[in-house]
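Worksheet for the structure shown next.
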There are 2 protein chains.
Amino acid sequence: MYAAAQPKEQAEDVAPTQIAGPHLVATYRAGREIYAEGDLIEKCYQVSTGAVRVYRLLSDGRRQVVSFHFPGEMFGFEAGLSHCFFAEAITETTLAVFGRRQMQERSRDLLALALTGMARAQQHLLVIGRQCAVERIAAFLVDLCERQGGGRQLRLPMSRQDIADYLGLTIETVSRVVTKLKERSVIVLRDARTIDIMKPDALHSLCN
Amino acid sequence: MYAAAQPKEQAEDVAPTQIAGPHLVATYRAGREIYAEGDLIEKCYQVSTGAVRVYRLLSDGRRQVVSFHFPGEMFGFEAGLSHCFFAEAITETTLAVFGRRQMQERSRDLLALALTGMARAQQHLLVIGRQCAVERIAAFLVDLCERQGGGRQLRLPMSRQDIADYLGLTIETVSRVVTKLKERSVIVLRDARTIDIMKPDALHSLCN
DNA sequence: CGTTCATTTGAGCCGATTCAAAGCCCGTGG
DNA sequence: CCACGGGCTTTGAATCGGCTCAAATGAACG
């Protein structure tokens, strides 16, 4: 029954495994689709390893990344019967999958999740609607840092394009702003996807 | 008990009336605060007449209007214990007020509301993050039109500043875009706050 | 009729985009 | 081990959409 619900294209990438009791586990290679716009909403997901991007497209290809999801975080619940968004694995990702029954049993938890999802989206509205490029990047780094446990070192699983589409900017602008933060030694780049935050306070104050 | 929970500043404006059974009714004059950032979340609201804006402020005064609410629509539920937003009556507004008990009894409905709230916010992210000024205004007008019943005539209870802060633009840009739509006779203005949509299809196609 | 506030219009500027090219990283194969 | 190719990232130069500042117009109200 689970296999039948999976889109065929993914059969090769998904390795569902029944584990003790409540949920299944699925593995997705980097870049693989988890669900698409228009798919029926039948499950929701918890990241166990890896990272996920959820996004929407305009007809001309412009993309808005609505959220990223990291280990421990849940996603996939939406209003209505079918998805309005795409979800993809950013890196190799394993997910715990919850079916409808489990969603109904946990509808109390789901309310809290929906409310925090709404809060995140609305917070993000402020960032995108009213903050300039530096502020957006700073807010992004701070948010990511907190969600990765608050250490000084920060691993970015997503590309510059993903970040740009999340923040409503272009890759070039993202890159330029990161360079500027580097020049002011607010951050140091080990490589393009690994950042050390040298001045957390400075970064925070840039968020406004 | 209800009166005690009301901030003093509003006592003059709020006329709570116990009505048959489940909820109270409160009236707010134009511009009056319904709740503020930091207030405890104790109730949620349904607009019966008028209109409401929900927004957040940055320390330097920049404002992001997160949502507008019209008759029939509910608002006021948020994650956590206290509000992250301000809510104000735009025009003279009457609200049905639901207390905690009613919210718990209706937690099933609340889930649906939270999910659609999240969907709205995420849709809005796409508009603000990836669409140009004309597209934003067009999307705004179309959305408002649908929520007011889909007629050709459209009443805007909110100011240009409210619209600008909702769409991440300035008043001047809003005004200029509206003028441009007028010049292309997509719309006609009876007065600044009353719009007739002359070419709904054209308006739709501007949304992308 | 004057005051006040909201809206519109104009001119110049600026931050972010666009377009273009170079640099860098990494896996592949000779 | 190095050359090659392809993807991602960075950097540069020029453009442009929306912003800022400023002023005019319009509407509401005493």
Side-chain angles (χ1 to χ4, degrees), chain A residues 29-31 53 58 60-65 90-92 127-141 155-184 187-195 206 208, chain B residues 29-31 53 58 60-65 90-92 127-141 155-184 187-195 206 208:
Chain A
R29 292 208 216 110
R53 64 176 162 253
L58 289 173
D60 60 0
R62 280 176 289 178
R63 186 179 72 152
Q64 178 64 44
V65 172
I90 295 176
T91 57
E92 170 122 1
V127 173
I128 286 189
R130 284 294 175 225
Q131 300 197 220
C132 68
V134 196
E135 294 171 325
R136 293 186 206 191
I137 301 277
F140 174 70
L141 293 178
R155 175 80 201 152
L156 306 177
M158 70 291 287
S159 68
R160 294 290 186 269
Q161 187 64 65
D162 288 333
I163 299 174
D165 288 345
Y166 180 67
L167 296 176
L169 300 169
T170 59
I171 20 173
E172 294 95 332
T173 302
V174 171
S175 183
R176 276 185 257 267
V177 169
V178 167
T179 302
K180 209 160 281 174
L181 292 176
K182 215 168 50 183
E183 285 167 0
R184 296 192 217 162
I187 59 173
V188 169
L189 293 198
R190 288 182 188 280
D191 60 90
R193 307 255 184 135
T194 316
I195 296 182
L206 282 175
N208 223 293
Chain B
R29 291 207 218 108
R53 63 176 163 253
L58 289 174
D60 61 359
R62 281 175 287 177
R63 186 178 73 153
Q64 178 65 45
V65 172
I90 295 176
T91 57
E92 170 121 1
V127 173
I128 285 187
R130 284 296 176 222
Q131 299 197 219
C132 68
V134 196
E135 293 171 326
R136 293 186 207 190
I137 302 277
F140 174 70
L141 293 178
R155 176 79 201 153
L156 305 178
M158 70 291 286
S159 69
R160 294 289 186 270
Q161 188 64 64
D162 288 333
I163 299 174
D165 288 344
Y166 180 66
L167 297 175
L169 300 169
T170 59
I171 18 173
E172 294 95 332
T173 301
V174 171
S175 183
R176 275 186 257 268
V177 169
V178 167
T179 303
K180 209 160 281 174
L181 291 177
K182 216 168 50 182
E183 285 167 0
R184 293 193 220 162
I187 60 174
V188 169
L189 293 199
R190 288 183 188 279
D191 62 89
R193 307 252 184 139
T194 315
I195 295 181
L206 282 176
N208 222 295

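What you see below is based on every heavy atom in this structure, not just the backbone, and it leaves out hydrogens, waters and symmetry mates. Numbers restart at 1 for each chain; the letters A, B, ... are given by sequence-line order, proteins then strands.
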B:I137: which of B:V127, B:I187, B:L181, B:L206 passes side chain to side chain contact (heavy atoms under 4.5 Å, CB included):
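One option only clears the test, and that one is B:L181.
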
Grab the [atom1]-[atom2] distance between [X] and [N] for me, whole Å please.
X	N	atom1	atom2	value
B:I171	D:dG18	CD1	P	16 Å
B:L156	D:dA27	CG	C1'	16 Å
A:D165	D:dC8	CG	P	13 Å
B:I187	C:dT8	CD1	C1'	14 Å
B:I137	C:dT7	CD1	C1'	13 Å
B:L189	D:dT25	CG	C1'	15 Å
B:R190	D:dA27	CZ	P	15 Å
B:Q161	D:dT20	CD	P	11 Å

Considering only heavy atoms from C-beta outward, does the side chain of A:D165 approach that of B:R130 to under 4.5 Å?
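A side-chain contact under 4.5 Å exists here.
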
For a quick test of reading the model: is some side-chain N or O of [X] closer than 4.0 Å to OP1 or OP2 of [N]?
X	N	result
B:R193	C:dT7	yes
A:T173	C:dT17	yes
B:T179	C:dT9	yes

Measure from the side chain of B:S175, starting at C-beta and using heavy atoms only, and say which of C:dT8, C:dA16, D:dC8 lies closest.
C:dT8

Please determine, for the side chain of B:T170, which listed nucleotide (C:dT7, D:dC19, C:dA16) has the closest atom?
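Out of C:dT7, D:dC19, C:dA16, the nucleotide with an atom closest to B:T170's side chain is D:dC19.
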
At what distance, to the nearest 0.5 angstrom, does [atom1] of [X] lie from [atom2] of [Y]?
X	Y	atom1	atom2	result
B:L169	B:S175	CG	OG	12.0 Å
A:E172	A:R160	CD	CZ	12.5 Å
A:R62	B:E135	CZ	CD	4.0 Å

Check this for me: does the side-chain of B:R176 come within 3.5 Å of the base of D:dG17 through a donor and an acceptor?
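Between D:dG17 and B:R176, which were checked side chain against base, a qualifying N/O pair under 3.5 Å is absent.
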
Presence of donor-acceptor pair under 3.5 Å, side chain of A:E172 and base of C:dC19
yes

Between A:A192 and A:R130, who's closer to the 5' end of DNA chain D by nearest nucleotide?
A:A192

